[in-house]
Each structure stands twice: as C-alpha cells, then as structure tokens.
Amino acid sequence: MRTPSQAPQKLPARVQLPSGRRVSLRVKVPAEPLTRARRAALFSELFAAEEQGLLALVDDGAKVPLASLSLGDFHAVRALALAGGVLSEESVEVTCKNCEATLTVFPCKALPLGPFRDFELDDPELDASLPLGVAREIPDIPLPRDRRASTVTFQARTAAQAVPLFQALSRRDLSVDSAFVSAMGIVSLGEETSTSVIARALSSCDDDAFAGVTDAFLATHYPLRLGAPIRCESCGARNDVDV
C-alpha cells in the first residue's frame, strides 16, 4: 500500500511544457510503475513507457516522440510521469534548511501541477533558463599550449542527442569523451571548439571547474520550475527539492 507521500497525482489531459509548447498528455497508469532496467541508461524507463503505450504526447493530432523534445521539456514530461505513477519514484533524503532535520521525500509526487495544467509557465525567475549560444563564466580550465578557458558555451540538445550523456551518467565510472561533450551541447570551452580537446580538458580539470561547467549546463537547459516545495514535518519550513 502506498503512503500518502507516495500516492500518484492525477495528471492533466493537456499541459504546457517549459519551452511553451502545449500538448495533450495520454497516460495509462500501470499496476506497477516502470523502473529503469539494470545497467540501462538514465531515463530509459521514460522511453520504455512510450514504447509500451503507457505515455504519449499529442500535438495537433500527431504524436510527439519523446526523443524529439528539448532537454527541459523531456525532463518535465519525466517529472509528470513520476508524479502520475507511470514511473517508479525513489525517495530521496534532504536536510531541512531551517532545523536540519532529515526528510525522506518523493519530490515528483509533490510537484505542483497547476502551472503545467493552466499554461502558466511564464514566471521570469522559475520558468527562465540561460540563453543558448552565450558564453558563461566558469572557473579556469587548463587547455593545451598553455591556454586557459574561463567560459563555456552551449547549444540546444534534444533527448535523442543527449542519450550518450544519459548512458555515461549511468556507469559507475564517469568517462568524458567527445560523445559526452557533444551530448551536453558544449560548442566551445573558451576559444576551444574541438570536442576531443574539450573532453580531455574536462577529464583532467579540478572538481570546482567541472562543477562550474555542470552548473552552467543545468542553468542553460533546465528551468527552476522543475522542483517541488516540501514542508518539513518538524518545523514547517519550506524546502525546494529538484525533481
């Protein structure tokens, strides 16, 4: 039996996605939510739900392949599928920012669906992401020939284009290669545009610099809307948790 915190939400029949696109959402909730197969790429269970007819997006009468979605839209659909019980959501532990109590939560089950249902994804802070094609400052990363990169620039990626990234992130040991760089949408690291050179630079840079690149990636591809407000049972403080 599900606890209240695990109970699925009833998904809207039509939603707005972070890109602004409005689609119909066709869902068949399975008796047992789908889980990711062992050693499968991250998020492969969402593609499996599509293949099994458990979830479909429809725009103007035509199905919209999940693989064609931008990363922000893809992850919004995944969050909705988790919220609605199509996919199995694992609990996460967070520390209350106010009283430091440990909270065990199911973020997607707490995702507010109203803005998606009511086409209200227009908040200048929650629904904005950094523009593509603009260099973002990062901690310095060494490059060949005594050069250093202090910026990173991204281009748009679809879910299909990001699959090598999803595969790499599912492995025990992270391997950064040209496919990984391309899947992230990195078009330049400083003035360097070679994916192989960028991959070697990211593989050898320090943790702070690598975190700067990943933070810029997240801010470029994902809006803050993809989070859930969680109330601490001990003190009542609101904690915003990524979905």
Side-chain angles (χ1 to χ4, degrees), residues 17-19 41-43 69-79 82 90 92-97 105 107-108 111 121 123-143 147-159 161-230 238-243:
L17 300 178
S19 65
L42 288 187
F43 319 128
L69 297 178
S70 67
L71 286 181
D73 284 0
F74 177 80
H75 282 276
V77 172
R78 178 175 178 270
L82 286 160
E90 295 184 2
V92 296
E93 288 191 350
V94 297
T95 300
C96 176
K97 65 181 181 181
V105 300
C108 290
L111 177 69
L121 302 187
D123 185 276
E125 180 178 353
L126 290 178
D127 298 307
S129 54
L130 298 179
L132 296 159
V134 177
R136 298 295 165 191
E137 290 188 3
I138 56 171
D140 280 3
I141 294 179
L143 293 171
R147 296 174 298 149
R148 302 190 73 82
S150 59
T151 61
V152 63
T153 306
F154 296 94
Q155 65 182 350
R157 294 285 86 177
T158 64
Q161 291 169 324
V163 166
L165 174 63
F166 300 161
Q167 292 171 332
L169 293 175
S170 68
R171 301 186 184 113
R172 183 186 299 272
D173 297 316
L174 182 65
S175 177
V176 179
D177 55 15
S178 293
F180 182 100
V181 170
S182 179
M184 284 187 74
I186 298 176
V187 291
S188 64
L189 191 64
E191 296 181 354
E192 182 60 63
T193 59
S194 166
T195 56
S196 60
V197 173
I198 292 172
R200 288 194 293 272
L202 293 180
S203 296
S204 59
C205 70
D206 62 38
D207 290 345
D208 287 343
F210 194 86
V213 173
T214 57
D215 287 346
F217 168 79
L218 294 172
T220 301
H221 292 289
Y222 304 109
L224 293 175
R225 177 72 69 182
L226 298 181
I230 304 293
R238 169 173 167 159
N239 295 267
D240 293 312
V241 182
D242 289 342
V243 302

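Note that SG of Cys108 and CZ of Arg78 are 6.5 Å apart. Values are rounded to the nearest 0.5 Å. Distance check: His221 NE2 to Ser129 OG gives 9.0 Å after rounding to the nearest 0.5 Å. To the nearest 0.5 Å, the span separating CG on Leu218 from CG on Leu224 amounts to 10.5 Å. In this structure, the separation between CZ on Phe217 and OH on Tyr222 is 4.0 Å, given to the nearest 0.5 Å. Here the straight-line distance linking atom CZ of Phe43 with atom CG of Leu169 works out to 7.0 Å at 0.5 Å rounding. Here Leu69 contributes atom CG and Ser19 contributes atom OG; the two are 8.0 Å apart, rounded to the nearest 0.5 Å.
Taking the six-membered ring for Trp and thresholds of 30 and 60 degrees, Phe166 and His75 have ring planes more than 60 degrees apart, a perpendicular arrangement.
When every heavy atom of Val187 is checked against every heavy atom of Gln155, the shortest pair comes out as CG1-CD, 3.3 Å. Residues Pro164 and Ala179 come closest through the heavy atom pair CB-O, 3.9 Å. Taking both residues in full, the closest heavy atoms of Leu42 and Ser170 are given as N-CB, 3.8 Å, listed atom of the first, atom of the second, then distance. Of all the heavy atoms in Leu226 and Gly72, the pair that sits closest is CD1-O, 4.0 Å. Contact between Gln167 and Arg171 at its shortest, heavy atoms only, is O-CG, 3.5 Å. In terms of heavy atoms, Thr220 sits closest to Ala216 at OG1-O, 2.7 Å.
At least one side-chain heavy atom of Ile186 sits under 4.5 Å from a side-chain heavy atom of Phe154. Counting heavy atoms from C-beta outward, Val92 and Pro107 have side chains that approach closer than 4.5 Å. Within the 4.5 Å cutoff, the side chain of Arg148 has no heavy atoms near those of the Leu143 side chain. Side-chain atoms of Val181 and Ser178, non-hydrogen and from C-beta on, never get closer than 4.5 Å to each other.
The closest donor-acceptor contact from the side chain of Arg225 to the backbone of Ala76 lies at 3.5 Å or more, if one exists at all. A donor-acceptor pair under 3.5 Å is absent between the side-chain atoms of Ser188 and the main chain of Glu191, judged by distance alone. No side-chain donor-acceptor contact under 3.5 Å links Glu192 to the backbone of Leu189. For the pair Lys97 (side chain) and Arg238 (backbone), a donor-acceptor distance under 3.5 Å is present.
More than 12 heavy atoms of other residues, nucleotides or ligands lie within 6.0 Å of CG in Asp123, so this atom counts as buried by the packing criterion.
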Atom pairs and distances, side-chain donor-acceptor, residues 133-142, under 3.5 Å, sequence neighbours left out:
none

Please tabulate, one pair per line, all N/O donor-acceptor pairs under 3.5 Å involving side-chain atoms of residues 202-209, not counting sequence neighbours.
| from | atom 1 | to | atom 2 | distance (Å) |
| --- | --- | --- | --- | --- |
| Ser203 | OG | Val176 | O | 3.3 |
| Ser203 | OG | Ala199 | O | 2.9 |
| Ser204 | OG | Arg200 | O | 3.0 |
| Ser204 | OG | Ala201 | O | 3.4 |
| Asp206 | OD1 | Asp208 | N | 3.2 |
| Asp206 | OD1 | Ala209 | N | 2.8 |

**Message:** As a quick check of understanding, evaluate side-chain contact (heavy atoms from CB on, under 4.5 Å) for Asp240 and Ile230, giving each step before the final call.
**Reply:** CA-CA 6 Å; Asp240 293 312; Ile230 304 293; over 6 Å; no
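Applying the side chain to side chain contact (heavy atoms under 4.5 Å, CB included) test between Met184 and each of Leu71, Leu165, Ile198 identifies Leu165 as the sole match.
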